[in-house]
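Structure, as structure tokens:
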Amino acid sequence: MPTRDPKTEQDYRERTRRIAETENKKAGRKLTPVELVKAVMQRDLQPTSIRQIRAAMIFTMTEAAERQPENAADLNAAIALLRTWVSQNDTQGEPRTSQCKQKVGVENDLSRVCHAALATTSEYARPLVAALNSGTLTGVRFAEWPTAEFGPSAAPGYAWELIVVNGKHSNGRAHGETRALRWEFLPPHLVSQMKFWIAVAKAAKAQGRYDTLNDTLESLMRRVTQELFPRRLVHPTLSSVRHAATARFKAAYVATATTEEEKQHGLAMVAALLGHASDATATTHYARADDRKSRFPVPVPDPAEVARILQRFAAPKHRDDPGPDADGADQAG
């Protein structure tokens with residue numbers, strides 16, 4: 001099983017604390033564990049958000065039950081209730097991984113979301129648009145932005161370079177500690193959007209407000225998407241940018257392959273751009289190639305990272321590689 005690092009555990013505690021404060025304030029009193037869970041389960045949330053909150057609350061309540069035996073019965077009852085919490089938008093009987101998410105026309109949907117967000121009076125409209133455009137361009141997980149470094153590339157032939165600390169490298173799901181994405185050319189508006197968003201992410205992280213920023217942007221996006229797509233059961237989320245990027249990467253590097261060797265190399269390039277340890281996730285668990293024209297240039301991965309992935313693919317243990325990272329967790333940490 002993947003190890004849970006101390007930062008993730010602290011993120012779980014902080015998220016649960018914020019949830020409890022919000023629901024207690026609504027109720028005008030301190031809720032019991034079961035009452036708190038019932039209140040949270042009334043929220044209209046996407047499957048990804050439910051999985052995030054459920055994981056955070058189960059961890060925190062389990063920890064509390066161990067430390068407070070006198071409250072263990074109430075906490076265990078709340079945990080049992082949490083384990084039954086599944087969104088009606090989740091596809092019953094199918095794996096709850098990123099492969100279950102809506103992947104058709106995601107980039108077009110996100111473009112509409114950006115225009116609609118800018119039409120609101122929210123002070124978070126610009127950060128949301130910058131986050132969506134930067135994420136669609138790069139496929140970077142939300143949790144990875146505070147440590148990202150973007151600027152002119154030192155590699156010959158490339159104008160811009162983004163260095164990302166891989167969010168899953170501590171549990172064997174990443175191909176290394178960092179990954180590099182390079183572009184021969186980027187439109188000035190995307191350069192400014194990426195610089196702006198990284199500055200926002202770094203500042204929020206430095207102030208200990210990055211989780212709060214995540215929640216605020218999710219809330220704004222939820223309001224906008226519900227107005228834009230009132231008849232849909234599933235709406236675009238912050239993690240949709242990773243799927244949109246993956247579809248574009250596959251169109252550039254996999255769909256154009258004419259031999260099996262070219263296909264494997266293309267999948268390794270996609271995996272390198274996404275930060276995966278092997279091409280297994282890019283093969284089966286993420287968006288299909290999208291052959292429609294895109295306004296986002298496709299980055300090029302570092303050849304050394306591609307080579308590591310190809311080597312791992314050829315190894316006997318390839319079939320035992322970790323499964324896909326369900327991007328719900330990407331937003332939380």
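Between the CG atom of L186 and the CH2 atom of W160 there is a distance of 7.5 Å, given to the nearest 0.5 Å. The line from CE of M41 to CD1 of I53 is 11.5 Å long, rounded to the nearest 0.5 Å. To the nearest 0.5 Å, the span separating CG on L110 from OG on S240 amounts to 6.0 Å. The distance from the CG atom of L82 to the CZ atom of R54 is 8.5 Å, given to the nearest 0.5 Å. We find the CZ-OG distance between F296 and S111 to be 7.5 Å, quoted to the nearest 0.5 Å. Going from atom CG of L81 over to atom CZ of R83 covers 11.5 Å, rounded to the nearest 0.5 Å.
At distances below 3.5 Å, not a single donor-acceptor pair connects side-chain atoms of Q193 with backbone N or O atoms of H189. One N or O on the side chain of K202 and one on the backbone of P146 form a donor-acceptor pair closer than 3.5 Å. Using modelled atom types, one side-chain atom of N24 and one backbone atom of L31 make a donor-acceptor pair closer than 3.5 Å. With hydrogens and angles ignored, the 3.5 Å screen pairs a side-chain donor or acceptor of T147 with a backbone N or O of E144. At distances below 3.5 Å, at least one donor-acceptor pair connects side-chain atoms of H235 with backbone N or O atoms of F229. When atom types are taken as modelled, the side chain of S219 and the backbone of D215 share no donor-acceptor pair closer than 3.5 angstrom. R248 contributes a side-chain N or O that, together with a main-chain N or O of L137, makes up a donor-acceptor pair within less than 3.5 Å. At least one donor-acceptor pair closer than 3.5 Å links the side chain of E305 to the backbone N or O of A180. The closest donor-acceptor contact from the side chain of S153 to the backbone of R182 lies at 3.5 Å or more, if one exists at all. A donor-acceptor pair is defined here as one N or O able to donate and one able to accept, closer than 3.5 Å; no such pair exists between the side chain of S49 and the backbone of L45.
The heavy-atom pair separating P187 from F185 by the smallest distance is N-CE2, 3.7 Å. When all heavy atoms are compared, the tightest approach of V306 to A272 is CG2-CB, 3.9 Å. Taking both residues in full, the closest heavy atoms of L213 and A204 are given as CD2-CB, 3.9 Å, listed atom of the first, atom of the second, then distance. The shortest heavy-atom contact between V113 and V224 is O-CG1, 3.9 Å. Across A252 and T256, no two heavy atoms sit closer than the pair O-OG1, 3.1 Å. Closest heavy-atom contact between I58 and T62: O-OG1, 2.7 Å.
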side-chain contact (heavy atoms from CB on, under 4.5 Å) between V164 and E177, worked out | CA-CA 9 Å; V164 183; E177 185 174 350; over 6 Å; no
Applying side chain to side chain donor-acceptor pair (under 3.5 Å), run through T120 and S122 and close with a yes or a no.
-> CA-CA 6 Å; T120 71; S122 173; 4.9 Å; no
With side chain to side chain donor-acceptor pair (under 3.5 Å) as the test, would you mind laying out the steps for R209 and N214 before giving the verdict?
-> CA-CA 9 Å; R209 296 182 55 256; N214 174 57; over 6 Å; no
Take L181 and E161, measure what side-chain contact (heavy atoms from CB on, under 4.5 Å) needs, and give me the verdict at the end.
-> CA-CA 6 Å; L181 291 78; E161 180 175 86; over 6 Å; no
Please lay out, stage by stage, how V191 and F150 fare under the test side-chain contact (heavy atoms from CB on, under 4.5 Å).
-> CA-CA 9 Å; V191 172; F150 174 68; 4.0 Å; yes
Given T258 and K263, is the side-chain contact (heavy atoms from CB on, under 4.5 Å) satisfied, shown in steps?
-> CA-CA 7 Å; T258 58; K263 179 181 178 182; over 6 Å; no
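Within a 6.0 Å sphere centred on CD of Q207, other residues, nucleotides and ligands contribute more than 12 heavy atoms. Remark: E184 CD is loosely packed, at most 12 non-hydrogen atoms of other residues, nucleotides or ligands lying under 6.0 Å away. Other residues, nucleotides and ligands contribute over 12 non-hydrogen atoms within 6.0 Å of the CZ atom of R29. No more than 12 heavy-atom neighbours from other residues, nucleotides or ligands sit within 6.0 angstrom of NZ on K38.
A 4.5 Å side-chain heavy-atom check between R222 and T237 finds every atom pair outside the cut-off. The side-chain heavy atoms of L238 and L132, taken from C-beta on, include a pair separated by under 4.5 Å. The shortest distance between side-chain heavy atoms of Q52 and E218 falls below 4.5 Å.
Figure legend: R15 and Y12 shown without cation-pi pairing, the cationic atom not lying both under 6.0 angstrom from the six-membered ring centre and within 45 degrees of its axis. Figure legend: R13 and F59 shown without cation-pi pairing, the cationic atom not lying both under 6.0 angstrom from the six-membered ring centre and within 45 degrees of its axis.
Salt-bridge annotation for E63 and R67: present, with a side-chain N of the basic residue lying under 4.0 Å from a carboxylate O of the acidic one. Taking 4.0 Å as the cut-off between side-chain N and carboxylate O, E23 and K26 count as a salt-bridged pair. Taking the charged nitrogens against the carboxylate oxygens, R17 and E21 do have a contact shorter than 4.0 Å, which makes a salt bridge.
Results of the side-chain contact (heavy atoms from CB on, under 4.5 Å) test with R179 over L274, N166, D302, L273 single out N166 as the only residue that passes.
In this pair, F142 and Y210 present their aromatic rings parallel. The plane angle is below 30°, not in the 30 to 60° band.
Aromatic ring centres of Y158 and W183 lie farther apart than the 6.0 Å criterion allows.
When the side chains of ILVMFWY residues are joined at heavy-atom separations under 4.5 Å, either directly or via intervening members, V37 and I50 end up in a single hydrophobic cluster.
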